[in-house]
Amino acid sequence: MILRRFLHEKSGILREVPSKDALPDGYNQAMSNEAIAQQLLELAELTDYVGDSPFKSRAYRQAARTLETLQTPIETLAEGGAAALEAIPGIGEAIAEKILAYLHTGAIPKREQLLQQVPRGILEVMAVPGIGAKTARQLHERLGVSDLQSLRNALMSSAASSILGAQKRERLLRLVELKHKSQRRTPLGFALPRGRELLQAIQQLEGVENALLGGSVRRMHEDVGDLDYLVATAQSEQVIEAFVRLPHIAEVYSQGANRAQAFLSDGLQVDLKTVPPQSWGAGMLYITGSKAHSIRLRQRAIEHGLKLNEYGVWRSGECIASDTEEAMYAALGLPWIPPPLREDAGEFEAAEEGRLPHLVQLAQIRGELQSHSTWSDGFNTLEEMAQTAAALGYEYLAVTDHAHMLGANGDPMTAFEQRRREIEELNERLNGRPYLLNAIEVNILADGTPLAPDAMLRTAQLVLAGVHDDHGQPPEQMTQRLLRALEHPAVDILAHPTGRRYGKRPANDADWARIFERARALGKAVEINGYPTRMDPPTPIARMLVESGAWITLGTDAHAVRDLQAMELAVGLAQRAWATPERLLNTRSRDALLRWLSDRRSER
DNA sequence: GCCGTTTTCGGCCCGACTGTTTTCAGTCG
């Protein structure tokens with residue numbers, strides 16, 4: 001939504017990053033990239049507020065975006081000094097210096113200095129949709145507005161009428177109230193079904209020839225700020241009018257001939273953009289973004305003597321491409337780039353050099369490698385889980401009930417044996433469609449020991465190990481803990497590596513490059529977890545994982561039959577990490593998977 | 001503040017919507 005996107009893209013106030021208190025001497029690598037990005041975003045906001053050059057704030061924002069998508073830890077690069085940082089596109093002498101200052105002192109001096117000059121809560125005032133730097137400054141200088149509360153007071157009194165018209169005051173008041181409902185970005189797993197439901201309603205509006213859910217959802221971004229729709233129509237105004245009247249829409253922010261912005265009742269923002277049918281491909285490109293990707297494309301157009309907008313590619317006023325995305329990219333001398341890669345994070349260079357990855361697709365997934373049943377904390381029986389996996393066309397389903405929950409009231413090994421017999425019986429009765437693997441998930445204790453009886457570890461067909469408590473250890477300790485778990489001969493897969501949970505806790509800090517390299521050397525796998533509130537590891541770390549060359553598994557962590565649908569999310573995260581099918585165990589047949597397991601077992 | 005096989009200075013993506021102290025600037029995607 002405007003509010004959340006604004007906070008995310010401009011000030012970064014609401015990003016899930018560790019608080020400053022949680023960043024002592026050793027920061028998490030990828031997370032400190034994000035922390036510095038947030039500082040730069042705030043610096044950009046402050047720069048706008050004091051009225052410094054808008055090109056400066058743009059440069060700060062650009063650098064912040066680059067840092068967010070950078071998979072190499074900034075500390076590692078900083079070891080090469082300022083010169084190494086300046087080799088990153090969009091980072092020059094001044095920003096390199098700021099990054100180094102942050103790494104050494106935990107603060108950017110320029111940001112600290114500006115914070116002294118501006119009202120305390122001005123960033124949250126500027127986060128209200130429709131209030132930018134100039135308005136915020138006027139509100140402060142003439143009415144003493146310094147935070148959200150004083151903004152609300154000013155809007156409700158007549159004092160604000162000297163600055164803002166009645167319509168604008170009323171609108172801002174509604175948006176300030178909406179802010180309470182829209183504190184965070186929505187995890188993709190929640191946004192996707194809602195977005196699709198609304199898409200169906202839009203597709204049924206009269207005059208709609210084609211409709212698409214674009215934006216960060218189409219790019220499979222782990223969390224989304226708003227839902228972006230594109231509609232192809234010859235009757236734009238009628239479609240817009242019908243759209244804002246849909247029962248889903250709670251509040252209309254703006255409405256014009258070609259675009260509408262509105263809010264759902266829970267504060268989620270919805271944008272709808274129309275294009276003439278012949279501009280469908282150009283519109284798709286526009287609505288999908290990312291912003292950084294679009295800007296690179298437009299710069300590229302200029303370099304080729306062309307112009308790119310949401311209606312097509314133009315040469316001296318004549319449209320040379322517009323109807324498909326493929327044609328748009330081709331007109332710019334590029335192959336079609338898959339949406340999950342569109343972040344200006346190396347996809348242009350890869351496209352030019354002909355090394356765009358052939359991303360893994362959902363249809364290539366032949367089985368599920370993390371699921372739970374009523375034998376531990378799942379809601380459905382083994383048979384129900386198996387039936388659903390069969391309906392999804394899976395060849396296999398690894399039932400990874402939590403080892404420490406088996407036989408909670410008695411002997412765990414007895415329960416494990418009982419479960420094994422039920423699995424065998426089901427495999428016979430279901431004719432191996434799907435084939436159930438007698439697997440377990442074990443907790444990794446604080447010292448790296450997998451928590452399960454030895455006999456269980458030895459006889460389970462597949463062992464997942466994951467951190468479930470004692471989160472937030474110092475990075476080196478967490479690194480040792482995960483390395484030790486990986487080195488245990490029984491462990492096959494490191495599950496949900498960083499432990500992050502949306503709204504609950506940030507990703508754990510560790511030396512991921514070292515951990516993934518060890519996994520690779522040991523021939524073990526690391527999981528990309530698609531459970532909607534996990535989506536673990538986050539994209540930059542997932543991309544490190546792919547680059548490490550280690551084996552990868554996709555798991556939904558399903559605790560109920562409906563959770564098995566989350567494989568789409570795991571695949572999306574893998575795609576954003578540039579994953580191809582080759583190193584993904586789930587793309588292997590049942591026999592190939594069993595061979596991988598037995599090869600590993602014989603090496604013990 | 002960044003960047004450059006046309007440039008170390010002078011550019012910096014493109015378009016839509018809102019409201020009016022402002023017929024453009026401010027704001028946003």
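First the proteins, then the strands, lettered A, B, ... as listed; each starts at 1. Just so it is clear, the structure is predicted and the values come from calculations on it, not from any experiment.
- Remark: A/Arg120 engages no residue in a side-chain hydrogen bond (donor to acceptor under 3.5 Å, both in side chains) (not counting sequence neighbours).
- Contacts of A/Glu93 classified as salt bridge (charged side-chain N to carboxylate O under 4.0 Å, His left out), with partners at least two apart in sequence or in another chain: none.
- For A/Glu197, there are no salt bridge (charged side-chain N to carboxylate O under 4.0 Å, His left out) partners, not counting sequence neighbours.
- In terms of the salt bridge (charged side-chain N to carboxylate O under 4.0 Å, His left out) criterion, A/Glu97 has no residue partners (sequence neighbours excluded).
- Residue pairs meeting the side chain to side chain donor-acceptor pair (under 3.5 Å) criterion with at least one partner in residues 319-331 of chain A, sequence neighbours excluded, are A/Arg218-A/Glu325, A/His293-A/Tyr329, A/Glu325-A/Trp336, A/Glu325-A/Arg342, A/Tyr329-A/Arg342.
- For residues 241-256 of chain A, the set of pairs meeting the salt bridge (charged side-chain N to carboxylate O under 4.0 Å, His left out) definition, not counting sequence neighbours, comprises A/Arg174-A/Glu251, A/Glu241-A/Arg245.
- Not counting sequence neighbours, A/Arg298 has no partner by the side-chain hydrogen bond (donor to acceptor under 3.5 Å, both in side chains) test.
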_For a quick check, with a 4.0 angstrom heavy-atom cut-off, what is the B/S/- contact string for nucleotides 12-18 of chain B, read 5' to 3'?_
BBBBBSS
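- Applying the side-chain contact (heavy atoms from CB on, under 4.5 Å) criterion to A/Gln238, with sequence neighbours excluded, gives A/Gln235.
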Can you pull every protein N or O that's under 3.5 Å from an N or O on nucleotides 3-5 of chain B?
from, atom 1, to, atom 2, distance (Å)
B/dC3, OP1, A/Gly90, N, 2.6

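- Note on residues 158-167 of chain A: no pairs pass salt bridge (charged side-chain N to carboxylate O under 4.0 Å, His left out), not counting sequence neighbours.
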Give every pair of a protein N or O atom and an N or O atom of nucleotides 22-26 of chain B that lie under 3.5 Å apart, one pair per line with the distance.
from, atom 1, to, atom 2, distance (Å)
B/dG26, OP2, A/Lys134, NZ, 3.3

